[in-house]
Asks: 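A single structure is presented below for examination.
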Amino acid sequence: MQRGVLVTGGAGYIGSHTTVELIKAGFEVVIVDNFSNSDISSLDGIERITGVRPTFVEADCCDKEALRRVFEAHDFQSVIHFAAYKAVGESVAEPMKYYRNNLLSFMNIVELMQEYKRPNIVFSSSATVYGDAETLPVTEQTPRKPATSPYGNTKQMAEDILRDVTAACEGIVGIALRYFNPIGAHPTANIGELPRGVPNNLVPYITQTAAGVRECLSIFGDDYDTPDGSCQRDFIDIVDLARAHVVAIERMLAGKNRARYEIFNVGTGHPVSVFELVNGFEAANNLKLNVRIAARREGDVPAVWADTTHANNELGWRAERALDDTLRAAWAWERKVRGIE
Ligand code: NAD
Ligand code: WQD
């Protein structure tokens with residue numbers, strides 16, 4: 001079916017928001033997820049927003065026979081492959097967990113696409129592939145730096161696999177989307193990020209601090225060579241990011257791709273510092289956070305943000321949501337999760 005999409009990891013943070021946008025655009029979605037970092041509540045949330053409950057198969061993408069049954073039973077032209085582990089620090093401590101899950105799941109998907117003649121794939125890549133770039137903002141041509149974590153390495157390796165497979169196999173078209181820092185939640189607060197344990201990422205740490213779950217937000221470093229001394233990132237609203245997947249799929253279905261493998265940065269194109277984000281969160285939500293300055297976090301790059309010209313021109317996509325709306329949505333979601341009025 002032309003407008004069928006298999007969404008692996010569709011119960012997760014980015015996958016659930018993308019599923020909503022796909023359904024809104026008239027796609028029929030089949031989700032495969034093993035709930036290793038999510039739960040059924042995101043499917044309920046998708047249904048509350050769209051009125052549609054996507055077809056769901058609980059399976060591990062590393063289990064090729066289970067995936068094969070999905071390819072046998074469902075007719076889709078396109079795959080969006082989100083299923084992966086994503087904790088950078090954990091990947092350093094347990095590299096094989098990351099290489100196995102992130103690469104095996106991806107290779108299974110690509111092999112089954114070849115076998116069942118399903119042509120289109122969007123792969124979730126990451127700004128982490130740029131590392132500490134020499135020039136900013138980064139374009140898709142900015143050289144990748146050697147990965148500094150097994151997680152980052154799985155993204156580089158999967159990009160390379162996709163490049164090689166699309167070069168060798170006329171039947172497969174791929175788009176790698178390099179996400180910058182996805183933040184926020186659906187404006188209806190029906191779906192959002194559900195980190196397990198202590199969050200690694202800034203915005204969930206902020207919202208949990210605001211909710212009183214964490215005592216104090218540590219700002220990792222105020223002595224970087226940046227305008228205010230804190231790190232700079234490109235924080236992209238989750239719904240804007242989700243929309244980029246829909247246009248990527250539409251591009252491939254319409255045969256508008258210029259090559260069988262394309263890469264797009266998905267960010268706002270604007271740097272925001274950690275201090276600016278924290279202050280922005282306080283102002284947007286009219287509250288005060290308990291904050292302290294801490295040492296730099298190992299592995300953090302001082303600054304990275306996207307040049308989004310390629311996505312703007314070729315996909316006709318750009319980030320639209322204002323940062324304060326995103327930060328209000330992030331807090332509304334945390335309040336909902338915690339039952340705070
Ligand atoms: P997430 O953990 O919320 O979602 C991933 C989903 O995949 C989860 O629902 C998890 O249960 C599922 N999953 C993991 N391994 C699986 C497997 N073997 N079989 C089936 N399901 C499996 O993470 P997310 O933030 O939504 O990230 C989605 C993708 O985007 C990942 O590939 C991640 O590496 C990438 N990415 C995320 C970010 C970010 O900051 N969130 C940035 C860049 C790239
Ligand atoms: C952002 C900034 C921290 C927490 C990570 C992955 C990257 C990609 C996106 C998957 C940094 C600072 C954070 C805190 C802080 N994911 N910070 N206090 O590190 O830019 O990117 O997520 O592909 O690969 O590395 O995001 O949200 O962890 O940090 O001061 O409690 O916030 O030092 O400068 P990061 P982040």
Side-chain angles (χ1 to χ4, degrees), residues 7-18 31-39 42-43 57-63 66-67 80-89 91 97-98 100-106 108-109 123-131 147-149 151-152 154-155 158 176-183 191-196 198-206 208-209 214 216-222 224 226 230-236 238 241-242 245 266-267 272-275 277-278 291-305:
V7 179
T8 73
Y13 175 44
I14 306 173
S16 57
H17 289 81
T18 300
I31 291 177
V32 173
D33 202 299
N34 64 357
F35 291 145
S36 55
N37 197 36
S38 55
D39 59 51
S42 57
L43 302 179
V57 180
E58 187 169 347
D60 186 336
C61 295
C62 295
D63 178 348
L67 262 192
I80 307 181
H81 182 61
F82 293 108
Y85 297 146
K86 63 168 180 178
V88 177
S91 80
K97 178 174 171 182
Y98 277 69
R100 168 165 287 279
N101 192 55
N102 293 8
L103 295 178
L104 194 53
S105 64
F106 178 66
N108 283 341
I109 284 289
F123 171 66
S124 297
S125 191
S126 168
T128 195
V129 302
Y130 294 114
T148 54
S149 72
Y151 169 74
T154 67
K155 292 299 173 194
L177 297 181
R178 289 177 175 162
Y179 315 149
F180 282 68
N181 289 58
I183 61 165
I191 49 175
E193 196 169 4
L194 273 177
R196 294 188 172 173
V198 183
N200 295 307
N201 295 116
L202 180 59
V203 168
Y205 209 103
I206 288 176
Q208 289 194 11
T209 306
R214 309 282 155 210
C216 180
L217 169 74
S218 297
I219 294 188
F220 298 139
D222 67 348
Y224 283 97
T226 55
S230 67
C231 293
Q232 294 174 299
R233 294 290 183 272
D234 187 333
F235 296 100
I236 169 83
I238 187 66
L241 174 65
H245 296 78
V266 187
V272 170
S273 76
V274 173
F275 281 132
L277 194 90
V278 170
V291 171
R292 70 179 190 108
I293 307 299
R296 292 181 179 193
R297 185 172 69 176
E298 208 188 314
D300 278 342
V301 300
V304 63
W305 69 95

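Note that the structure is a prediction, hence the values are computed from the model and not measured. Every number for a ligand or one of its atoms is a count from 1 in the order of the listing.
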Asks: Looking only at heavy atoms, which two atoms of Ile31 and Ala11 are closest? And how far apart?
Replies: CG2-N, 3.9 Å
Asks: Numbering the atoms of ligand 1 from 1, which are under 4.0 Å from a heavy atom of Ser124?
Replies: 29 (C), 30 (O), 32 (O), 35 (C)
Asks: Is there a nitrogen or oxygen of Lys155 sitting under 3.5 Å from a nitrogen or oxygen of ligand 1?
Replies: yes
Asks: Give a yes or no on whether Arg296 atom CZ has more than 12 heavy-atom contacts from other residues, nucleotides or ligands under 6.0 Å away.
Replies: yes
Asks: Could an N or O of ligand 1 be found under 3.5 Å from any N or O of Ser126, whether backbone or side chain?
Replies: no
Asks: For ligand 1, is there an N or O atom under 3.5 Å from any N or O atom of Ser105?
Replies: no
Asks: May I ask you to identify the nearest protein heavy atom to atom 34 (O) of ligand 1, giving residue, atom name and distance to one decimal place in Å?
Replies: Tyr151 OH, 2.6 Å
Asks: Considering only non-hydrogen protein atoms, determine which one is nearest to atom 7 (O) of ligand 1 and report residue, atom name and distance to 0.1 Å.
Replies: Gly9 CA, 3.3 Å
Asks: Near ligand 2, which residues have a heavy atom under 4.0 Å away from one of its atoms?
Replies: Val88, Ser126, Thr128, Tyr151, Asn181, Asn200, Asn201, Leu202, Tyr205, Leu217, Ser218, Ile219, Phe220, Cys231, Arg233, Val274, Arg297, Asp300
Asks: Please list the nearest protein heavy atom to atom 40 (O) of ligand 1 with its residue and the distance rounded to 0.1 Å.
Replies: Pro182 CD, 3.3 Å
Asks: With nothing but distance in play, are any N or O atoms of Ser38 less than 3.5 Å from an N or O of ligand 1?
Replies: yes
Asks: Within the structure, does Asn201 bring an N/O atom to less than 3.5 angstrom of an N/O atom in ligand 1?
Replies: no
Asks: Parallel, tilted or perpendicular: which describes the rings of Tyr179 and Phe82, with under 30° parallel and over 60° perpendicular?
Replies: tilted
Asks: Do you know the tightest heavy-atom contact between Gln208 and Pro195?
Replies: NE2-CG, 4.0 Å
Asks: If we only consider heavy atoms of Thr8, is any one of them less than 4.0 Å away from an atom in ligand 1?
Replies: no
Asks: Examine the side chains of Arg214 and Thr209 and answer whether a donor and an acceptor come within less than 3.5 Å of each other.
Replies: no
Asks: Should you measure from each heavy atom of Ser36, which atoms of ligand 1 turn up under 4.0 Å away?
Replies: 10 (C), 11 (O), 13 (N), 14 (C), 15 (N)
Asks: Taking N or O atoms only and a 3.5 Å limit, does Phe180 qualify as a polar contact for ligand 1?
Replies: no
Asks: Out of all atoms in ligand 1, which are within 4.0 Å of some heavy atom of Ala11? Include the element for each.
Replies: 9 (O)
Asks: Only heavy atoms of Phe35, strictly under 4.0 Å: list the atoms of ligand 1 that pass.
Replies: 11 (O)
Asks: Judging by distance only, is a nitrogen or oxygen of Lys86 under 3.5 angstrom from one on ligand 1?
Replies: yes
Asks: Please report the closest heavy-atom contact between Ser91 and Tyr151, naming both atoms and the distance.
Replies: OG-N, 3.0 Å
Asks: Given side chains that start at C-beta, do those of Glu193 and Ile238 come closer than 4.5 Å, heavy atoms only?
Replies: no
Asks: Can you list the atoms of ligand 1 that are under 4.0 Å from a heavy atom of Asp60?
Replies: 17 (C), 18 (N), 19 (N)
Asks: Evaluate side-chain contact (heavy atoms from CB on, under 4.5 Å) for Leu277 paired with Ile206, printing each intermediate quantity in order.
Replies: CA-CA 10 Å; Leu277 194 90; Ile206 288 176; 3.9 Å; yes
Asks: Rounded to the nearest 0.5 Å, what separates atom CG in Leu194 from atom CG in Asn37?
Replies: 8.5 Å
Asks: For atom 16 (C) of ligand 1, find the nearest protein heavy atom and state the residue, atom name and distance (0.1 Å precision).
Replies: Asn34 OD1, 3.5 Å
Asks: Give the atoms of ligand 1, by number and element, whose distance to some non-hydrogen atom of Ala59 is under 4.0 Å.
Replies: 19 (N), 20 (C)
Asks: Report the nearest protein non-hydrogen atom to atom 19 (N) of ligand 1: residue, atom name, distance rounded to 0.1 Å.
Replies: Cys61 N, 2.9 Å
Asks: State, to 0.1 Å, how close Ala87 and Asn200 come at their nearest heavy-atom pair, and which atoms those are.
Replies: CB-ND2, 4.0 Å
Asks: Identify, for atom 3 (O) of ligand 1, the protein heavy atom at the shortest distance, and state residue, atom and that distance.
Replies: Tyr13 N, 2.8 Å
Asks: List ligand 1 atoms under 4.0 Å from Ser125, heavy atoms only on the residue side.
Replies: 43 (C), 44 (C)
Asks: Can you tell me the protein heavy atom closest to atom 27 (O) of ligand 1 and the distance?
Replies: Ile14 CD1, 3.7 Å
Asks: With only distance considered, is Ala83 within less than 3.5 Å of ligand 1 through an N or O on each side?
Replies: no
Asks: Considering only the protein, which heavy-atom contact is closest to atom 2 (O) of ligand 1, and what is its distance?
Replies: Asn37 ND2, 2.7 Å
